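Some notes on the structure that comes next.
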Amino acid sequence: MGTEDRNERIWRVVAAIPPGRVMGYGQVARRAGLGKAARLVGRALREAPDALDLPWHRVVRADGSIAFPPGSPLRAEQVRRLRREGVEVNAGRVRMPRIRDEADLDRLLWGEP
DNA sequence: TACTTGACCGTAT
DNA sequence: CATACGGCCAAGT
């Protein structure tokens, strides 16, 4: 599997995150079938074409913190977008529930059983 | 080829 | 709660 394939799989997963919910980098990697390649997710998002219009702001660290350094423009932008969706962000960490596992994501995407 | 870098994670303390 | 550490893995130098 080449780099492009991996990126596309990652982008697909990120694009599926519903508004108001967030996923961790490692979580996205696992869901994309890339095991523990959490760092690849950050790379893929960095290299993602703007035209894809991905909801990249819905991807945070495993502990809920924002990956960008304090004071950076991207950090501010991510917080802005999350709050606009009703996600609480305190001290650079999200409070809204994260998507826990595949069953959770499936439920969100396909509706309650 | 060898070493460093980073939108990271899980576990231990 | 927070911090520390080892593990991870492709790209860049």
Side-chain angles (χ1 to χ4, degrees):
Chain A
M1 190 182 359
T3 300
E4 289 310 312
D5 301 307
R6 288 195 300 267
N7 283 346
E8 286 183 24
R9 295 168 72 140
I10 290 169
W11 295 336
R12 232 193 316 274
V13 172
V14 173
I17 306 175
R21 300 306 287 281
V22 297
M23 274 176 90
Y25 291 89
Q27 226 180 337
V28 171
R30 199 157 49 84
R31 176 86 182 158
L34 300 176
K36 39 192 171 179
R39 307 193 98 115
L40 298 192
V41 174
R43 179 184 305 286
L45 289 180
R46 188 183 61 190
E47 298 173 352
D50 291 8
L52 287 182
D53 203 37
L54 290 177
W56 56 269
H57 57 285
R58 295 176 193 147
V59 182
V60 298
R61 286 183 179 144
D63 66 353
S65 64
I66 305 288
F68 300 108
S72 68
L74 284 174
R75 165 88 160 236
E77 176 62 17
Q78 183 164 17
V79 172
R80 203 158 41 235
R81 291 192 185 195
L82 286 172
R83 286 182 173 153
R84 190 160 52 196
E85 294 182 353
V87 177
E88 275 187 59
V89 185
N90 296 314
R93 276 192 290 163
V94 308
R95 277 190 178 275
M96 286 295 286
R98 296 185 299 145
I99 298 172
R100 299 181 311 182
D101 49 5
E102 295 196 7
D104 250 13
L105 182 54
D106 285 341
R107 216 171 300 128
L108 285 164
L109 296 178
W110 301 102
E112 288 296 332

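These figures come from a predicted structure and were not determined experimentally. In what follows, chains carry the letters A, B, and so on, assigned in the order in which the sequence lines appear, proteins first and then strands, with residues in each chain numbered from 1.
Distance check on atom P: B/dA7 versus C/dG7 gives 22 Å, rounded to whole Å.
The interatomic distance linking A/Ile10 (CD1) with C/dC9 (C1') rounds to 12 Å, in whole Å. Distance CG (A/Leu45) to P (C/dA10): 17 Å, rounded to an integer number of Å. One interatomic measurement links the two molecules: CG of A/Asp5 to C1' of C/dA10, which rounds to 15 Å at whole-angstrom precision. As a whole-Å value, the separation of A/Leu74 CG from B/dG6 P is 15 Å. Atom CZ of A/Arg30 and atom P of B/dC8 are 18 Å apart (whole Å). Distance CZ (A/Arg6) to P (C/dC9): 11 Å, rounded to an integer number of Å. The nearest whole Å value for the distance from the CD atom in A/Glu4 to the C1' atom in C/dA11 is 13 Å. One can place CG of A/Leu34 at 14 Å from P of B/dC9, the figure rounded to the nearest angstrom.
Taking 4.5 Å as the limit, some side-chain heavy atom of A/Leu82 sits within range of a side-chain heavy atom of A/Ile66. The shortest distance between side-chain heavy atoms of A/Val60 and A/Gln78 falls below 4.5 Å.
The listed nucleotides are B/dA7, C/dA10, B/dC9; the one nearest the side chain of A/Ala62 is B/dC9. Among B/dA7, C/dA10, C/dC9, the nucleotide with an atom closest to any side-chain atom of A/Tyr25 is B/dA7. Closest approach to the A/Arg43 side chain among B/dC9, C/dA10, B/dA7 is made by C/dA10 (side chain taken as heavy atoms from C-beta onward).
Between A/Glu85 and A/Arg81, none of the side-chain N atoms (NZ, or NE/NH1/NH2) sits under 4.0 Å from a carboxylate O, so this pair counts as no salt bridge.
Under the 3.5 Å distance criterion, the side-chain polar atoms of A/Arg95 are left unmatched by any main-chain donor or acceptor of A/Asn90.
Nucleic acid contact for A/Leu40: sugar-phosphate only, since backbone atoms but no base atoms lie under 4.0 Å from a heavy atom of the residue. If you check every strand for non-hydrogen atoms under 4.0 Å, A/Arg93 touches sugar and phosphate atoms only.
Summary of the strand contacts: A/Asp63 and A/Thr3 both lie near DNA chain C, and taking for each the nucleotide with the nearest heavy atom, the more 5' one is attributed to A/Asp63.
In this structure, A/Arg39 does not reach the B/dT4 phosphate: none of its side-chain N or O atoms is under 4.0 Å from OP1 or OP2.
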message: Determine whether A/Met1 and A/Leu34 satisfy the following criterion, side-chain contact (heavy atoms from CB on, under 4.5 Å), listing intermediate values before the conclusion.
response: CA-CA 10 Å; A/Met1 190 182 359; A/Leu34 300 176; 4.1 Å; yes

